[in-house]
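Both backbone and side-chain heavy atoms feed into the values below; hydrogens, waters and symmetry mates do not. Every number for a ligand or one of its atoms is a count from 1 in the order of the listing.
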Amino acid sequence: MRIEPLIYRGVRRIRRVSGSEILVRGGRVLTGWGMVEADVLVREGRVAAVGTALEPGGTRVLDASGMLVLPGAIDEHVHSREPGMTWKEDFSTMTRAAAAGGVTTVADMPNTSPPVDSPERVAAKGRDVAPRANVDYAIFAALTDSNAPRIDELVRAGAIGLKAYMGPTTGGLEPPDDWSVALALRFSRTTGIPVFFHAENGPLIEGLSGELRGAGRSDPAAHSEARPPVAEEVEVARIAAIAGAMGGNAVIAHVSSAGALELIERSRGALRAEACAHHLIFTTEDYAARGLLIKVNPPVRTREHVEALWRGVRSGLIRTIASDHAPHAPEEKEGDVWSAASGIPGVQTLLPFAVDAALRGLIRVEDVPRLLSENPARNLGIYPRKGSLAPGSDGDMVVIDPRGSWRVREDDLFYKHPEVSPYVGMEFRGRIKYTLLRGEIVYEDGGVAGGPRGRWVTRGGVR
Ligand code: DOR
Ligand code: ZN
């Protein structure tokens, strides 16, 4: 794609052309390189111009004065629960929540029922969810020992990347062995396909869980003790060794511990780090008030780990922040610490959380589009079509009022089960006013608009 100069200065008369146009006028446009007061014109779904004093020619105008205008967020790690687990969530509820949260592209994970682990299942899922997609979507395939020798077929079927579950979690997928990981990373080196890793070690977790359970532990914090930092470090070290030899685009998903982050730093670029909002917010002290609502894999950790993660976000070592939106039904989140489901829904609060962090000075404002739009698009191989507001990019945008704020109520959340959100009651500075998908309003002031028009995003283009 050709990138035109980003900013036109001076009046530029926009000639009316056939087809749809929308002008987002007078906002503070925020991209990874900084902020500028400008108008953004979207024509036929793509950014046509970013500049000052663009004059509309019969174009629809959204007044963004005093507002922040960002590229739509790309949540590179969500679980819609399709196919087969739709009592927890479905594509419609998840993507409505995404639109309301300023997320215009989601990348959906494969630990479903059945798992998305074959070319046929990738193709079927990409096709089947389309009528329920309120935002654009990409599809991950699970890496398994049986599909590792024919990854090219998964990609040809439309997979945006691979997900390797190295330890036990929802879906019960078997971890791929070292050879399968090597094959995936070798393939990744030549094609750029990302391989995302859930890095936790099964034998350590099973051994420790057995001991803690045997000792009669039943409090929520036992979950964090059963999955200590060393369980993450062991897998990150192994993946670092294989990635160091094979190359490729290896992403450690939801990094949660200081030690894992150090290993990623020492890998000198062989590994990329993704953090999740909940690991930057909650600590083991929050079990007291929130109980099993914050049971998640990897688990929430102590304050020192959370601080190390924030340092990683600020230094750029952590390249992306995702939600790992992983909803369950309320009855699945109750009961025994050992049997309750792991996972936190969060696609709707991801961008509000990051904007709030910027408005509070925890990160710079321009870090928000870098962490939530540009780098996720790069990870997925869809930049600058997505994750950018340069002319030629898709017109995916969020308009946020920084003077407003949002205290999260169950009623505001579009999830199938808003009651399992541990974010209810929390207050975020900034308020999402509009979300635009390829130039069309999909969310406005509390309401999802326009019906499902999301498209399947693959490496080859939008299907
Ligand atoms: O807590 C988690 N829940 N961690 C995962 O890795 C998977 C997720 C889920 O799918 O429920
Ligand atoms: Zn996940």
What's the count of protein N, O or S atoms under 2.8 Å from the Zn ion (ligand 2)? 3
Are Glu225 and Arg217 close enough for a salt bridge, meaning some N to O gap below 4.0 Å? yes
Within a 6.0 Å radius of atom CZ on Arg360, are there more than 12 heavy atoms belonging to other residues, nucleotides or ligands? yes
Proximal protein residues to ligand 1, non-hydrogen atoms under 4.0 angstrom: His79, Arg81, Asn111, Thr169, Thr170, His198, His254, Val296, Asn297, Ala326, His328, Ser342, Gly343
Flag this pair as yes if the NZ/CZ of Arg378 is under 6.0 angstrom from the six-membered ring centre of Tyr383 and inside a 45 degree cone about the axis; otherwise no. yes
What pairs meet the ring pair (Phe, Tyr, Trp, His ring centres under 6.0 Å) rule with one or both residues in residues 75-125, with sequence neighbours excluded? His77-His79, His77-His254, Phe91-Tyr137
Working note: Asp90 + Lys416, criterion salt bridge (Lys or Arg N to Asp or Glu O under 4.0 Å); need CA distance, chi angles, decisive distance, verdict. CA-CA 8 Å; Asp90 61 45; Lys416 192 165 274 187; 2.8 Å; yes
Would you say the ring centers of Phe196 and Phe140 fall short of 6.0 Å from each other? yes
Return the set of residues passing ring pair (Phe, Tyr, Trp, His ring centres under 6.0 Å) with Phe187 (not counting sequence neighbours), or none when no residue passes. none
Just checking Glu427: does its CD atom have more than 12 heavy atoms from other residues, nucleotides or ligands closer to it than 6.0 angstrom? yes
Applying salt bridge (Lys or Arg N to Asp or Glu O under 4.0 Å) to Arg266 and Glu262, what does each step give before you reach the verdict? CA-CA 6 Å; Arg266 266 192 260 149; Glu262 265 175 44; 3.8 Å; yes
